[in-house]
Protein chains: 2
Amino acid sequence: MTTVTVLAGGVGAARFLEGLVRVHPPELVTVIGNTADDLVLHGLHVSPDLDTVTYTLAGQINQAAGWGLADETWSAMTTLERYGGHAWFRLGDRDLGTHLYRTARLGEGADLATITGDIAKAWDIGVRLLPVTNDRLRTMVTVADEGEIGFQEYFVERRHDVAVEAVRFDGADLAAPAPGVLDALADASVVVIAPSNPIVSIGPILAVPGIREALGRRRESAIAISPIVAGAAIRGPADRLLRDLGHEPSVVGVARLYAPLAATLVIDQADQALVDDVEAEGIDCVVAPTIMSDSNAAAALARVVLGVADATSGRG
Amino acid sequence: MTTVTVLAGGVGAARFLEGLVRVHPPELVTVIGNTADDLVLHGLHVSPDLDTVTYTLAGQINQAAGWGLADETWSAMTTLERYGGHAWFRLGDRDLGTHLYRTARLGEGADLATITGDIAKAWDIGVRLLPVTNDRLRTMVTVADEGEIGFQEYFVERRHDVAVEAVRFDGADLAAPAPGVLDALADASVVVIAPSNPIVSIGPILAVPGIREALGRRRESAIAISPIVAGAAIRGPADRLLRDLGHEPSVVGVARLYAPLAATLVIDQADQALVDDVEAEGIDCVVAPTIMSDSNAAAALARVVLGVADATSGRG
């Protein structure tokens, strides 16, 4: 009964999880999700990464976009645009029901973890999905010539096509891990750092006090999957962000970030030549196809990770 | 250039206004709208009566329902119901865009009157629509065996099918008329009290300090239209509410309520026999078809009102 805890951002993590639950019982999987790209928009609390994981595992994700619900309509946005409202962050009609529900429950005093669990249950996703924290945590991005802006203003409104000078996680110092998070890190047979953005998806999870330490304590059976392949992110701005912030945008740069937290880094075959450089950072290197072009590929990658887990579990 | 200011609730007022703008230039019409049935739902600020007026004058009202937008879809509600969320107050997908916009603008510090004007402008409704107040005003209903509940909980959730012991307008003592409201009452050639619920639609407008006095000062050229025909409300709970609260559910009861505020009451032909009883309350009585079965009928009623206005304007 290999229990797996996965640190997850959005699309990349969701695809990996979709593969994982094809080859491993979902009830043995706990997901710790990033909430630092949450935003309050038009009064609604939106949790993009949590929803991407839920919708993907529900088989309801908009495959083309990678976010939002399939078979979506956009009537609310059409009305909003009539008024000249802020429509840069697109909320589909089906999707809006999730934000209405979450906002109503928060207003009634429920915490985000409870609500997230109830949403996940309604979609019958099988895995346990925990927000990293119930507290306010917000990725703030300092952009050249502009100053500090919110994550979604950077990511969606500016299409992450700007130079970044700094990233910080507002609220992290006051945030506590959500109930169950530290236990899920301590008790799982294996911890997986999903192929998510190390800076703005995994970074904020690690910034919540206690998480980095909990992960470090069980490093030997923790496995990271590189989101960087051949020097580029499969999706999103991870490569540029790494470079802008002084990291090497390569599997070696990723190895340097994760070596204190994971004993193994899974890299793509395209980076075969960098195995020695990765291991020189003090992390074991496993080479496998990591590009999840479909759910078969994602399942194959999950099998590789579970294989490493079998080999390393019990190492402490 | 007869300028007309109309005190308006929801459906009944909107239908009258639809007729009025067919026979009178919209730019000469100011509407003072009820905001006491506003509610915050799932974090969104919903203004049902203002929206009913706007959507109706935009030719976009859902004719069958009397509220909401035509050609509506309900995807957000379907998602919300999946979670077991509060779906008793139905928010259509198109309609949601209005609530998103209003909530966002309020969050940015705009006042309700400004936002209402911008929404009205986007729909090009022609008339000037003013909320009675920018301040919080909420109709609270004391229901037998239950205690006090919000207006929409009474009206929508319980389908106004309960005995009412009391109605009050929370916030009224601290509310101020929105900018332009008192001038619109003082300066218009004629003031019309639309055929709306006297208790819960016109009542809260009159409860805002200064409005009842402003109306009383120009009583001679103010005209009310009875929402009660042959002892029953055309729509909604006006008759039952009048009875429950100790008023007579008839044009005579309406005359008693409005006599201090309007010199003329327009009643339906069905109540022809009650003309003397109405006038015994100290209000002139005009008999006309008041049932607005279509917009031709509404226009005919508006013509009657404008005719009375011509006869009474300048009476002071």
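Just so you know, these numbers come straight off a predicted model, no measurement behind them. Residue numbers start from 1 in every chain, and the chains themselves are labelled A, B, ... in the order their sequence lines are given, proteins ahead of strands.
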Colleague: If we only count heavy atoms from C-beta on, is the Glu108(B) to His86(A) side-chain gap below 4.5 Å?
Modeller: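 They are in side-chain contact.
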
Colleague: Mind checking whether Ile119(B) and Tyr83(A) have side chains closer than 4.5 Å, heavy atoms only?
Modeller: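 Yes - at least one pair of side-chain heavy atoms lies under 4.5 Å apart.
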
Colleague: Measure across Ala76(B) and Leu96(A) and return the closest heavy-atom pair with its distance rounded to 0.1 Å.
Modeller: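 So the minimum-distance heavy-atom pair works out to CB-CB, 4.1 Å.
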
Colleague: Among Leu44(B), Asp95(B), Thr98(B), who wins on heavy-atom pairs under 4.5 Å with chain A?
Modeller: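 Max contact count across the listed options: Thr98(B).
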
Colleague: Has Arg82(A) got a side-chain atom pairing as donor or acceptor with Ala122(B)'s backbone, closer than 3.5 angstrom?
Modeller: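 Yes, the answer is positive, given that a donor and an acceptor are paired below the 3.5 Å cut-off.
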
Colleague: Do you know which of Ser75(A), Ala104(A), Gly85(A) has the most heavy-atom pairs with chain B at a distance under 4.5 angstrom?
Modeller: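 With the most close heavy-atom pairs to chain B, the winner is Ser75(A).
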
Colleague: Is it the case that more than 12 heavy atoms not belonging to Asp173(A) sit under 6.0 Å from its CG atom?
Modeller: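 Yes, the 6.0 Å shell around CG holds more than 12 heavy atoms from other groups.
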
Colleague: Heavy-atom cut-off 4.5 Å, strictly under: side chain, backbone, both or neither for His45(A) against chain B?
Modeller: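 Interface part for His45(A): neither.
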
Colleague: Side chains of Asp93(B) and Trp74(A), heavy atoms from C-beta outward: is any pair under 4.5 Å?
Modeller: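 When only atoms from C-beta onward are counted, Trp74(A) and Asp93(B) do not touch, as no gap falls below 4.5 Å.
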
Colleague: Using modelled atom types only, decide if a donor and an acceptor are shared between the side chain of Arg94(B) and the backbone of Thr79(A) within a distance under 3.5 Å.
Modeller: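 No.
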
Colleague: Would you sort out whether Leu100(B) and Met77(A) count as a side-chain contact (heavy atoms from CB on, under 4.5 Å), showing the intermediate values?
Modeller: CA-CA 9 Å; Leu100(B) 295 175; Met77(A) 289 294 110; 4.0 Å; yes

